[in-house]
Amino acid sequence: DHADQPLNLRLPQFCHPEGTDLIHPTTEYKMPRVHHFVLTDSAGGKQYGTALTVFEEFKGKQQQQQSEIERVSSSGSSGAKWQKKMYFAPRVLVLLSTWPYLTAFRTYLTQLYRLATTTNVMTAPIERYVQNICSEVPAPPPGAFEVQLNILGSKIRFWAPPANQPIPYVSLPFKVLFECLDIGNILFAWYTLACEQKVLLVSGQLSLLTVCSEILNSLLFPMKW
């Protein structure tokens with residue numbers, strides 16, 4: 001949250017696309033998932049968000065009281081076995097940047113979560129790792145230079161093409177768009193955007209929407225939608 005780029009007040013809604021009013025603990029555990037989003041300010045500037053949602057055990061006051069009641073009732077009955085009911089709630093770790101390195105940010109967040117939960121080699125708080133990539137890892141200059149970041153055996157590369165080419169050319173997986181749409185639909189979407197019309201993208205996988213949208217926008221270069 002910088003003075004020249006304050007956090008968007010709608011940020012929680014983008015981190016929880018199902019709606020912030022529907023967040024409640026559940027007994028069903030869900031696997032971690034990643035999705036992307038783009039925030040646009042009044043001046044037309046973009047902030048690219050990569051959100052990692054994990055489901056962690058939730059221990060609220062109501063659940064603790066219920067556990068105490070179940071423990072007492074079970075201890076009073078002969079032969080009864082007490083079994084604790086576990087609840088899970090979503091927690092989101094989000095990375096915001098003015099650079100569209102969505103694939104690199106996805107790899108970084110997933111590896112950071114693995115480092116924090118499945119290993120004992122983390123030598124600093126998780127916030128320190130986030131500060132490192134946000135404040136200390138420099139953005140690569142246009143051209144042949146690149147910045148590399150190693151985390152849990154994965155090498156994450158940040159590099160920019162020459163100044164006359166857009167960064168998405170090297171930062172986004174273009175094959176994803178061609179795996180989701182055939183050539184005819186891609187050409188039709190490009191034609192529609194070139195004519196400054198609106199395109200509605202629908203997908204059963206939330207992680208694909210922003211990636212495919214940014215790839216389609218980059219195909220308009222040197223024009224902009």
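Minimum heavy-atom separation, Thr103 to Leu172: OG1-CA, 4.2 Å. In plain terms, the two heavy atoms of Phe14 and Val38 that are nearest each other are CE2-O, 4.5 Å. Contact between Pro162 and Pro142 at its shortest, heavy atoms only, is C-CB, 4.2 Å.
Under the rule for a salt bridge (Lys or Arg N to Asp or Glu O under 4.0 Å), Glu179 has no partner lying at least two apart in sequence or in another chain. Scored by the side chain to side chain donor-acceptor pair (under 3.5 Å) test, Gln111 finds Arg114, Ser154 as partners (sequence neighbours excluded). Legend: residues meeting salt bridge (Lys or Arg N to Asp or Glu O under 4.0 Å) with Arg33, ordered by chain and number and at least two apart, are Glu18. Lys30 is linked by a salt bridge (Lys or Arg N to Asp or Glu O under 4.0 Å) to nothing, counting only residues two or more places apart in sequence or in another chain.
Ring pair Phe58/Phe88: centre-to-centre distance not below 6.0 Å.
Evaluation of the salt bridge (Lys or Arg N to Asp or Glu O under 4.0 Å) test over residues 129-157, restricted to residues two or more places apart or in two chains, returns Arg128-Glu136, Glu146-Arg157.
Other members of a hydrophobic cluster containing Phe145 are absent, since no ILVMFWY side chain comes under 4.5 Å of it, directly or through relayed contacts.
Side-chain polar atoms of Ser207 and His35 form no donor-acceptor pair below 3.5 angstrom.
Side-chain atoms of Ser171 come within 3.5 Å of backbone N or O of Pro100 as a donor-acceptor pair.
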